[in-house]
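Side chains included, hydrogens not; waters and symmetry mates left out as well; all remaining heavy atoms used.
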Amino acid sequence: MQLTGGRLRCPLRRVAVRTCWILTAAALLLLLFIVLTPQGRTAFHTALFVTQTLDVPVKPQSWFTDEPVRHEIVYGPADGDEVADVYRLPDGRPRAGVVLSLGAVPTGLEDPRVVNLGNALARAGYVAMFHWSPNIGLDADVHPSEPRKLVRAFEYLAGQDYVDPERVGLGGFSIGASFALVAAADPRIRDRVSFVNAFGPYFDAEALVLQAASRSVLYGGERIAWEPHPLTQLVLATELIQTLDDPSEAALLTRHYIEDQPASPAELDALSSSALTLIRLMDGVEPGEAEELYAMLPADFREELARISPSNHIDDVRARLLVMHDRYDPMVPVAESRRLVEATRERSDVSYTEFVAFDHTTPGEGGLFTTLGQAARLYRHMYAIVRTAA
């Protein structure tokens with residue numbers, strides 16, 4: 001019986017040893033793939049980036065990469081017009097760069113999400129330059145000059161000796177993503193922009209205003225109810241009120257809609273027809289009426305919206321396009337990104353990723369399977385971006 005047991009144990013031992021060797025060889029091959037091939041390095045750093053930016057318990061990116069440096073830079077006309085933060089690895093190696101427009105982030109460059117993203121991009125091999133506009137972030141005030149600022153930021157970053165000028169892209173979040181798309185079409189830089197990564201952009205500013213005013217979204221021949229986020233309504237109110245010529249009326253509507261100091265019915269009834277038009281748009285009307293009221297707005301205001309609409313510039317964008325959007329985004333309807341992608345369907349260099357568990361452009365919380373699904377989508381999307389930095 002002992003002999004028989006020994007004979008049985010011997011084959012089992014050989015199987016265990018063989019399995020161990022197979023696993024060891026597989027691990028070595030995987031390690032060689034990661035170390036020696038661009039595809040392997042990209043896959044590895046993409047996985048590290050995803051775990052760093054999503055809500056997962058383990059964030060190993062810092063285990064395998066050097067500590068980035070963060071420094072403030074001043075750029076623009078006369079070397080003092082704009083301020084931005086740059087994140088990079090201090091190794092002296094010219095690396096791929098990206099200019100990111102933050103949009104309506106009230107806490108600006110100090111926002112923990114911004115700092116985490118900057119470090120994650122730097123560890124993934126990028127020089128990341130973050131542009132933040134106090135006008136948008138603090139005052140919800142959209143200036144048509146914002147895309148031009150991104151053009152200057154791109155030119156500044158591409159000219160630094162720690163950046164490879166052949167590998168510089170643009171990106172942004174929400175309204176910042178739309179500005180990045182408009183900037184990428186600017187003739188001063190459009191032939192030099194490697195890619196544009198737009199997360200949650202609007203495609204057409206007029207359409208966004210009409211959707212917010214009508215509390216509905218028309219897409220694919222179907223109109224569905226949509227309740228815009230308070231921030232979207234705040235931006236809409238801020239921009240509409242600026243169209244008024246009468247400072248006293250503008251002040252009254254500002255108190256009523258922005259400062260939460262309701263005006264009396266008598267004060268509202270005494271307003272001009274122009275101010276009453278704005279009130280109807282801000283309070284919400286039927287879709288057909290929204291279009292009629294919009295047509296009554298000052299021509300220069302409607303022209304400004306056209307200038308900051310990617311829909312009027314997309315044909316001039318030469319860079320590779322990568323678009324991201326949350327399906328249930330309350331700030332900018334997902335239909336905006338879908339229309340953007342449809343407008344570029346003749347191109348072969350456009351990628352679109354739709355998420356279901358983001359809070360606008362911030363990773364949201366979800367169950368295990370939801371998190372894994374979103375991680376896989378983010379990995380597929382980011383692989384091409386990280387590949388540029390490899």
Side-chain angles (χ1 to χ4, degrees), residues 27-75 83-102 105 107-132 153-154 156-173 193-195 197 199 322 361-363 375-376 378-390:
L28 288 173
L29 288 173
L30 178 61
L31 180 61
L32 289 173
F33 176 73
I34 292 173
V35 172
L36 299 179
T37 69
Q39 296 85 351
R41 290 192 295 272
T42 299
F44 181 65
H45 283 289
T46 304
L48 293 178
F49 176 88
V50 169
T51 58
Q52 187 66 33
T53 52
L54 290 183
D55 184 23
V56 295
V58 180
K59 299 182 181 296
Q61 194 183 38
S62 61
W63 304 350
F64 302 95
T65 55
D66 294 331
E67 186 71 24
V69 296
R70 171 191 177 189
H71 54 94
E72 181 182 271
I73 56 96
V74 179
Y75 67 97
V83 177
D85 274 355
V86 170
Y87 295 77
R88 64 186 180 91
L89 296 177
D91 55 8
R93 171 185 165 190
R95 294 183 174 275
V98 61
V99 176
L100 292 163
S101 178
L102 294 178
V105 178
T107 49
L109 299 174
E110 298 302 324
D111 189 298
R113 297 167 298 176
V114 174
V115 175
N116 181 61
L117 178 59
N119 285 317
L121 284 168
R123 291 182 185 276
Y126 270 97
V127 177
M129 178 177 175
F130 287 87
H131 168 80
W132 177 70
F154 180 93
Y156 174 90
L157 188 63
Q160 302 309 299
D161 56 8
Y162 49 79
V163 173
D164 179 355
E166 300 298 321
R167 295 184 295 154
V168 183
L170 287 166
F173 305 89
V193 181
S194 297
F195 65 88
N197 188 51
F199 197 163
L322 301 105
T361 59
T362 301
L378 183 59
Y379 177 92
R380 289 195 298 270
H381 185 94
M382 288 302 301
Y383 181 90
I385 298 175
V386 176
R387 180 73 180 89
T388 301

Side-chain contact, heavy-atom cut-off 4.5 Å: [X] with [Y]?
X	Y	value
V114	W132	no
N119	Q61	no
T388	Y126	yes
R88	V163	no
L100	L121	yes

Rounded distance (nearest 0.5 Å) linking atom [atom1] of [X] with atom [atom2] of [Y]:
X	Y	atom1	atom2	value
T65	F49	OG1	CZ	12.5 Å
F173	N197	CZ	CG	7.5 Å
D85	H131	CG	NE2	12.5 Å
L109	L102	CG	CG	6.0 Å
R387	M382	CZ	CE	14.0 Å

Which heavy atom of [X] sits nearest to which heavy atom of [Y], and what is that distance?
X	Y	value
Y156	V74	CE1-O, 4.3 Å
A389	A124	CB-O, 3.8 Å
V386	T46	CB-OG1, 3.4 Å
A122	P68	CB-CB, 3.6 Å

- Sequence neighbours left out, what passes ring-ring contact (aromatic ring centres under 6.0 Å, His included) with Y379? Give chain and number order.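 ring-ring contact (aromatic ring centres under 6.0 Å, His included) list for Y379, sorted by chain: empty.
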
- Task: With sequence neighbours excluded, tell me which residues meet ring-ring contact (aromatic ring centres under 6.0 Å, His included) with F130.
- Result: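 Expected list: Y87.
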
- In sequence, state the C-alpha distance, the side-chain angles, and the governing distance for V168 and V127, and then conclude on side-chain contact (heavy atoms from CB on, under 4.5 Å). CA-CA 9 Å; V168 183; V127 177; over 6 Å; no

- Query: Within the distance-only criterion (no hydrogens, no angle test), does the side chain of K59 pair as donor or acceptor with the backbone N or O of L54 below 3.5 angstrom?
  - Reply: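 Indeed, once roles are kept as given, a pair shorter than 3.5 Å links the two residues.
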
- Task: Sequence neighbours left out, what passes side chain to side chain donor-acceptor pair (under 3.5 Å) with D164? Give chain and number order.
- Result: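 Partners of D164 by the side chain to side chain donor-acceptor pair (under 3.5 Å) criterion, ordered by chain and then number, come out as R167.
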
- Query: What residues, two or more places apart in sequence or in another chain, satisfy side chain to side chain donor-acceptor pair (under 3.5 Å) together with Q160?
  - Reply: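 Result, side chain to side chain donor-acceptor pair (under 3.5 Å) vs Q160: none returned.
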
Partners meeting salt bridge (Lys or Arg N to Asp or Glu O under 4.0 Å) with [X] (sequence neighbours left out):
X	answer
D66	none
E67	R123
E110	R70
R380	none

- Sequence neighbours left out, what pairs pass salt bridge (charged side-chain N to carboxylate O under 4.0 Å, His left out) with at least one residue falling in residues 93-102?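 Pairs touching residues 93-102 that pass the test: D91-R95.
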
- Item | Residue pair F195, V98: steps toward the side-chain contact (heavy atoms from CB on, under 4.5 Å) verdict | CA-CA 9 Å; F195 65 88; V98 61; 4.0 Å; yes

- Apply side-chain contact (heavy atoms from CB on, under 4.5 Å) to A153 and list each qualifying residue two or more places apart in sequence or on a separate chain.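 In terms of side-chain contact (heavy atoms from CB on, under 4.5 Å), with neighbours along the sequence ignored, A153 is linked to Y75, V99, M129.
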
- Please identify each residue that fulfils side-chain contact (heavy atoms from CB on, under 4.5 Å) with P60, with sequence neighbours left out.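 Residues passing side-chain contact (heavy atoms from CB on, under 4.5 Å) with P60: L48, T51, V58, W63, F64.
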
